[in-house]
Amino acid sequence: MTVDKENIRRRVEALKSVPTMPGIFEKISRLIESSETAAADVANIISSDQALSAKVLRLVNSAFYGFPGRISNVTHALIILGFDVVKGIVLSTSVFDMMLARGLSGLWEHSLGSAITAGVIARRIKHPDPEEVSVAALLHDLGKVIIRIEIPEESSLIDEAVEKKEISVYEAEENILGFNHSMVGKWLSKKWNLPRALADPIAHHHAPGLARLAPQQTAIVHLANVLIRARGFGFGGDNLVPQIDMKAWEALRISDAILEEIINEMDEKLEGAEDLLSDNGS
Ligand SMILES: [Fe+2]
Ligand SMILES: [Fe+2]
C-alpha cells in the first residue's frame, strides 16, 4: 500500500482557502470582529434563520447544561455566553450536519459527550468559563470529519488500519497520512479565526503538553476525551481508551474524591443528552 503523503497534505492544506462553512458563519465572524457590534446585531442574523437558531439553542442547553430550556433565546445566549462561544456553537451546528450527512452519528455523540464532560470538569475545578471549554470539546475532533470529506479514499484506509491492526485513529492517521486530525483542526481554526481558547484544545487535545495559549482548557478537553471514551459513549473512530497525559492530569489538581464526583455528574448529564441524540438534534 503506497500513499502519496505530499499530495494528500497539499489537498488538505488547500482546505485553508476553501469556504467550507455556510455564509452565515462568515457573516457572524465578520460582525464579531468589529468592535462596534452589539449582541442584538449577531442575534438578528442567527434569529433570521429559524432552523439555525433552534439548533443553536438546543445545542447550548444540552451541551452546556444537560437539560432543555435553560437558555431560551439567541439574545439571551449571546449575553450569557459571549460572542466567541456562540460563534463556536454556530460552527458546531455545521459540523454536526456534516457528521450526520456522512453517517458519523457516533462521532457526533462522542463530541457532545466530550462537551458535557468538559463542562462538568471545568465547573468542578472552578474554571472561569466552563461554556467556552465545552465548545472547545464539542469541536475537538472536527479534523476527523474533514478528513472523511476531503480525502475519502485515505479515510477508508485509516478505518481499515484501525480495524485490522487494532490501533487508534490517531495512530492510523499518522501512519497513512503523516499527520493527524488535530493538525487538520489546527489549520481550520486558523482559517476560521477561532479564539485561542478553542483553537489550542482542537490542536493539542492528544498532546496537551504542547498547548501554550490555553493549557488549562486543553488539559480539560484532553481529560474529557479520555473519560468519555472510557465511558463508551459515542464512537470516536476506534474502541481504544487513550492514556491520560500525566502532566495535564497533575496540572488540573483533581483529587480522587472530585474525580468520583465528576464521573457521577457526567453520568447524570449524559442521560439527559440522550434526547438530543434520539431525534438527531434537527
Ligand atoms: Fe481527537
Ligand atoms: Fe475525541
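Ligands are counted one by one from 1 in listed order, and the atoms in each one are counted from 1 as well. Any value given below was found using the heavy atoms of this structure, including those in side chains, with hydrogens, waters and symmetry copies removed.
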Glu265 and Arg124 ion-paired at < 4.0 Å = yes
Mind reading off the angle at the Fe ion (ligand 2) between the NE2 atom of His140 and the NE2 atom of His110, rounded to 10°?
-> 90°
Of all N, O or S atoms in His206, identify the one at the shortest distance from the Fe ion (ligand 1).
-> NE2
Would you find a donor on one side and an acceptor on the other, under 3.5 Å apart, between the side chain of Asn180 and the backbone of Glu174?
-> no
Using only heavy-atom distances, determine whether the side chains of His140 and His110 contain a donor-acceptor pair under 3.5 Å.
-> yes
Residues Arg148, Asp159: salt bridge by 4.0 Å N-O rule | yes
Angle at the Fe ion (ligand 2): provide the value between OD1 of Asn225 and OD2 of Asp141, rounding to 10 degrees.
-> 170°
His181 backbone or side-chain N/O/S under 2.8 Å from the Fe ion (ligand 1) = yes
